[in-house]
Number of protein chains: 2
Amino acid sequence: MSIKRIQQITGFSYSTISRVLNGKAQEFRISDKTRQAIFKAAESLNYRPNILARSLRLKRTYTIGLIVPDIKNPFFGELASRIEKLLREQGYSTILCNTNEIPENEEFYLKVLVDRQVDGIIIAPIHTKEWDAMEHIRRERSIVLIDRIFYETDIPWVTSANEQAADEVTSELIAIGYPRIAYLGGTAETYINTMRFSGYRKALERHSLSVDERIVFFEGYSPEAGEEMMATLLEREPDTRAVFCVNNLVFIGAMKVVQKHEIETGRSIMMAAFDIDRYCEIFKRPLLCARQDQEKLAANAVALLIEGIRNTVGPDRHLIVPVCVGRHRIR
Amino acid sequence: MSIKRIQQITGFSYSTISRVLNGKAQEFRISDKTRQAIFKAAESLNYRPNILARSLRLKRTYTIGLIVPDIKNPFFGELASRIEKLLREQGYSTILCNTNEIPENEEFYLKVLVDRQVDGIIIAPIHTKEWDAMEHIRRERSIVLIDRIFYETDIPWVTSANEQAADEVTSELIAIGYPRIAYLGGTAETYINTMRFSGYRKALERHSLSVDERIVFFEGYSPEAGEEMMATLLEREPDTRAVFCVNNLVFIGAMKVVQKHEIETGRSIMMAAFDIDRYCEIFKRPLLCARQDQEKLAANAVALLIEGIRNTVGPDRHLIVPVCVGRHRIR
DNA sequence: TAGCACAGAACAAATGATTGTGCCAAACGT
DNA sequence: ACGTTTGGCACAATCATTTGTTCTGTGCTA
């Protein structure tokens, strides 16, 4: 009832007020006197437009949905932080949807976001289960896949050079004297795991080594999964010397077991993982780390999303961001 | 135009359709035949109510705003994850607002959330700067402070027993032989830092020790702040034996410096901090940790918020959740 | 002086729901 | 037979905007 109040005070009609308040005074040749009066009234009433009514009329909510599998994971925390910031700068609010790696939640959230008429969706999907739903959504609104993608889809996406980075990490491990490398992976059939494992395998094969399934695990992306995989690994193969963890959380879980094992046996294990740069310098041990470029991931995802919203999609709707592979040792 | 389609198909009026679809058929004595017909039409059209229109009319958006200072921090990541889950279970969507510890962002977000007519706000405020704004918001909608609070306000809040936990940690450090404990704190004038430092001081005083300002720092809550404080500390007081970090991020930053220092000097430093339980077991060193009960924090915040929304506020609008203090050593 | 251009602003439809009130017939009671 | 209840539903207002169309005066020209 707020524009109505201005109407009552100034006596001008809704349309005139609306136009003035939206900066269209010039365009609709509204006199300066009128403009001033309306601005004054709006100011004195502390007028704030009703976003719901506006969105209803305009069919644009300036809201976007961000679906991530695990916001507790600092990787997604930082990604969310960057995306939310970029979107805010463009005038959008972000609805946070945390699926917890549960497909049903993903399905649910996609429906909720459509119901809420978000202008766009950025999603790091769990796997391909909701592909159809997303293709369907894509017809009516902007949607961008991030991090975890469907390689074959036409939906815009941005991800890291996972395969190549995993290959590099593995090659480096081999080069520094670890031909037998255990792989602690995420859930099978999931994009990230598939690509990183593929890189791992390719590196081995290039060095005429083959994948030993006894030291390969696909249990999940959580610390608990990491702990379990590492425990099983060391039980079966106590003389393991090198381990490649699919992500930071698996690494954390694995490290619990590793530390204990190293103390008990006196033998040290070489660890490598994705996105553990935050932890690298707090360990008194060498580590091998593949560091995703979150800034580029976020920036490109948001750019693609906005392009989709504005219907100005460029030719490059699929982006692969380079990953930085590095070795670390204190000092 | 969706309910209109159902109208066209079934011939029933808007009111009847709306009532049936909202499960008020009984209440308004609508015949079973009518009900079935409307349901069938809705189903076949794949009808989804327009949430904007509904919210506009009902003045309820089923949306809540969550304002946190740093979603990259796994502590807030987990808190957000829990809160978002609980709210989802109650039918609410969560708008994520990450202030990045910047007061201007907090001010901005509070306005945005009010403009968006959220039903409620859960906020871990930066400090008391926006207190007035929140008191103002409180008149019209539900708002709950979490983690960082204003002790004196009537606004509902839930936080941890920070002072007591810091006291316990400090006492324990003294008890195990560290009378001289450095304090690496967050931003001065901020609730968390004030309470934890107060606990630290009280413990010292109880043991007839006094605060030595040369080993007390209030630089911030980030890893960078932790690194800087620790570096300065060790430069000035190289024989420091025990350090209490105000939070997990400061701990991470400090550890970088500590590890290097320990290698160089051969002397070990006893570390204590809040919310480092995730890291405890991945270090081959004893640690002292105060672990906040995120489950209770989140559950109580959401409960208070819902009470506020439903106007069923109970007597206990201010809750202090116990903190678990524990010592850790591998094995 | 009729006709026209144009500045300036009002009118009213449309967005998609919810809800208080009103209407009509059938059933019911006495 | 007449008044009252009740079942079953429609009408129309309302929520706060935006926007295409229309209206009303000027001042100017032919």
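All of these numbers come straight from a predicted model, not from anything done at the bench. A note on names: the letters A, B, ... follow the listed sequences, proteins ahead of strands, and every chain is numbered from 1. Atoms considered below: every heavy atom in the structure, side chains included; atoms not considered: hydrogens, waters and symmetry mates.
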Legend entry - Contact pattern, 5' to 3', of nucleotides 3-13 of chain D - B, S or - by protein heavy atom under 4.0 Å: ----BBSBB-B
Inset, instruction - Quick one: list whatever passes side chain to side chain contact (heavy atoms under 4.5 Å, CB included) with B:Thr63, sequence neighbours left out. - result: A:Arg116, B:Thr61, B:Ile95, B:Val118
Legend entry - Spacing of A:Leu58 atom CG relative to C:dA13 atom P, expressed in whole Å: 20 Å
Inset, instruction - Report the residues that fulfil side chain to side chain contact (heavy atoms under 4.5 Å, CB included) with B:Arg317, sequence neighbours left out, ordered by chain and then residue number. - result: B:Asp154, B:Pro156, B:Val313
Legend entry - Interatomic distance where CG belongs to B:Leu52 and P belongs to D:dC15 [whole Å]: 18 Å
Legend entry - Five-pair end axes of the helix from C:dT1-D:dA30 to C:dT30-D:dA1 and the angle they enclose, rounded to 10°: 70°
Inset, instruction - Report the residues that fulfil ring-ring contact (aromatic ring centres under 6.0 Å, His included) with A:Phe150, sequence neighbours left out, ordered by chain and then residue number. - result: A:Trp131
Inset, instruction - Quick one: label B:Lys24 by what it contacts on the DNA or RNA (base, sugar-phosphate, nothing), any heavy atom closer than 4.0 Å. - result: sugar-phosphate
Legend entry - Length of the CD1-C1' vector between B:Ile38 and C:dA17, whole Å: 15 Å
Inset, instruction - Find the distance A:Ile6:CD1 to C:dA9:C1' and express it as a whole number of Å. - result: 16 Å
Legend entry - Donor-acceptor pair between B:Arg88 and A:Tyr109 side chains, under 3.5 angstrom: yes
Inset, instruction - Specify the separation, in whole Å, of atom CG of A:Asp115 and atom C1' of C:dG16. - result: 14 Å
Legend entry - Separation of C:dG16 P from A:Arg116 CZ (nearest whole Å): 18 Å
Inset, instruction - Write down the distance between CD (B:Gln117) and P (D:dC15), rounded to a whole number of angstrom. - result: 13 Å
Legend entry - Separation of C:dT18 P from B:Arg60 CZ (nearest whole Å): 11 Å
Legend entry - Salt bridge flag under 4.0 Å for residues A:Arg60 and A:Asp119: no
Inset, instruction - Taking only the side-chain heavy atoms of A:Lys4 (C-beta and beyond), determine which of C:dT18, D:dT19, D:dC15 contains the nearest atom. - result: D:dC15
Legend entry - Below 4.0 Å: OP1/OP2 of D:dC15 and any side-chain N or O of A:Asn50: no
Inset, instruction - Using a heavy-atom cut-off of under 4.0 Å over every strand shown, decide if A:Arg48 touches base, sugar-phosphate, or nothing. - result: sugar-phosphate
Inset, instruction - Ignoring hydrogens and angles, state whether a donor on the side chain of A:Ser15 or A:Ser18 is under 3.5 Å from an acceptor on the partner side chain. - result: no
Inset, instruction - Determine whether the side chains of B:Thr312 and B:Glu307 contain a donor N or O and an acceptor N or O closer than 3.5 Å. - result: no
Inset, instruction - Kindly write out the residues that satisfy ring-ring contact (aromatic ring centres under 6.0 Å, His included) with A:His136, not counting sequence neighbours, or none if the list is empty. - result: none
Inset, instruction - State whether A:Arg148 and A:Glu101 are salt-bridged, where the test is any N-O pair (Lys NZ or Arg NE/NH1/NH2 against Asp/Glu carboxylate O) under 4.0 Å. - result: yes
Legend entry - Phosphate OP1/OP2 of C:dA14: any A:Lys59 side-chain N/O under 4.0 Å: no
Inset, instruction - Mind checking A:Leu56 for me? I need base, sugar-phosphate or nothing, with any heavy atom below 4.0 Å counting as a touch. - result: base
